[in-house]
Amino acid sequence: MSHFQTIIFDLDGTLYPRNSPVMTELDRRMGLYMERVTGLPPAEAHTLRKHYWRTYGTTLNGLQKFYHVDAEDYLAYTHGFDARDLIRPNPALNAMIAHLPQRKLIFTNGTREHADNILRALDLENAFDDVLSLRDFDYRPKPDPKPYDVLRRRLLHAPQQAVFVEDSVYNLPPAHAMGMTTVWLTPDSADIHDGVDCIIHDIIDLEQFL
Ligand SMILES: [Mg+2]
């Protein structure tokens with residue numbers, strides 16, 4: 001029996017694959033929003049977006065800094081699609097999640113509405129005990145310290161009794177520093193990275209690790 005009491009799941013790229021059409025749609029909508037706000041042609045908007053992402057962590061942070069974009073307007077547009085048109089439930093994943101005895105949390109840089117949209121499409125609406133999302137973090141996404149402070153307060157026990165699984169490797173070290181066990185979900189062969197305790201290549205492999 002595992003000593004872990006809580007399993008924390010990232011959402012996008014973790015509960016469904018990174019190469020899913022949902023990721024393509026999110027990317028497409030962020031690109032269109034960027035072009036509309038900046039007035040730049042697509043290629044230049046794309047370059048500026050990559051710059052924002054590298055320098056300020058997210059496209060939104062850059063747009064807020066230089067174009068005074070309203071976060072809710074940006075989020076409503078970029079998340080404004082029905083995920084049921086783009087992804088289907090993964091029966092093996094749903095069976096695994098139902099089988100895990102631990103408390104289960106979603107810890108996402110998306111909005112609550114986005115999490116609900118994805119979880120509905122995956123038929124996982126009732127599978128999680130709590131959802132921590134971007135507004136809970138005052139719009140400061142992982143790996144900013146704020147989301148991890150919120151997460152620590154939401155745990156009912158020491159961080160050492162929690163596992164965090166996530167596809168973006170840069171979001172794992174802050175959780176690892178708190179004492180959580182960190183699992184990096186990556187489809188590629190990869191070397192252990194700072195702040196990573198374990199690598200899995202398919203979310204289904206999480207159960208074996210536990
Ligand atoms: Mg992710």
Side-chain angles (χ1 to χ4, degrees), residues 6-31 49-50 52-54 56-61 71 74-75 78-79 81 83 86-90 93-94 96-97 104-122 124 127-128 130-137 139-148 150-151 154 162-178 180-190 192-206 209:
T6 301
I7 306 174
I8 300 148
F9 295 83
D10 171 51
L11 183 74
D12 296 300
T14 296
L15 292 184
Y16 63 86
R18 273 191 161 194
N19 63 5
S20 142
V22 169
M23 290 300 226
T24 311
E25 182 65 7
L26 284 168
D27 194 63
R28 189 182 74 86
R29 284 172 174 264
M30 285 189 260
R49 205 181 125 202
K50 295 295 161 201
Y52 284 172
W53 193 80
R54 277 196 307 269
Y56 306 107
T58 61
T59 304
L60 176 59
N61 285 349
Y74 171 86
L75 292 164
T78 55
H79 290 168
F81 57 91
L86 302 172
I87 43 172
R88 294 276 171 268
N90 173 352
L93 171 64
N94 293 14
M96 181 193 81
I97 289 175
K104 283 153 276 195
L105 306 182
I106 296 286
F107 185 46
T108 176
N109 280 345
T111 60
R112 179 61 198 243
E113 294 88 330
H114 176 66
D116 290 344
N117 185 22
I118 297 295
L119 294 175
R120 186 192 316 121
L122 294 177
L124 286 171
F128 295 91
D130 207 351
V131 175
L132 282 72
S133 55
L134 191 62
R135 288 187 204 97
D136 298 318
F137 318 144
Y139 303 95
R140 286 154 62 183
K142 299 173 280 183
D144 184 281
K146 175 75 181 181
Y148 301 86
V150 173
L151 177 61
R154 211 66 81 86
V163 175
F164 175 34
V165 57
E166 152 92 59
D167 66 302
S168 298
V169 72
Y170 300 108
N171 294 341
L172 291 171
H176 186 265
M178 284 165 61
M180 290 184 189
T181 295
T182 53
V183 178
W184 181 22
L185 171 62
T186 175
D188 310 312
S189 59
I192 284 286
H193 190 279
D194 278 350
V196 174
D197 292 305
C198 170
I199 292 176
I200 57 175
H201 300 299
D202 189 306
I203 187 67
I204 293 302
D205 298 332
L206 182 66
F209 168 75

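Here the structure is a predicted model, which means the values were calculated and not measured. Remember, it's 1-based here, ligands and their atoms both numbered in the order they're listed.
- Each protein N, O or S atom less than 2.8 Å from the Mg ion (ligand 1) was counted, giving 3.
- With salt bridges taken as basic N to acidic carboxylate O contacts below 4.0 Å, none links Asp188 and Arg18.
- At distances below 3.5 Å, not a single donor-acceptor pair connects side-chain atoms of Thr6 with backbone N or O atoms of Ala162.
- Two residues are said to be in side-chain contact when any heavy atoms from C-beta on lie closer than 4.5 Å; Lys142 and Tyr148 meet this criterion.
- At least one side-chain heavy atom of Val22 sits under 4.5 Å from a side-chain heavy atom of Phe81.
- The structure places OH of Tyr139 at 7.0 Å from CG of Leu75, a figure rounded to the nearest 0.5 Å.
- Residues Thr78 and Leu60 form no side-chain contact, since every pair of their non-hydrogen atoms from C-beta on lies 4.5 Å or further apart.
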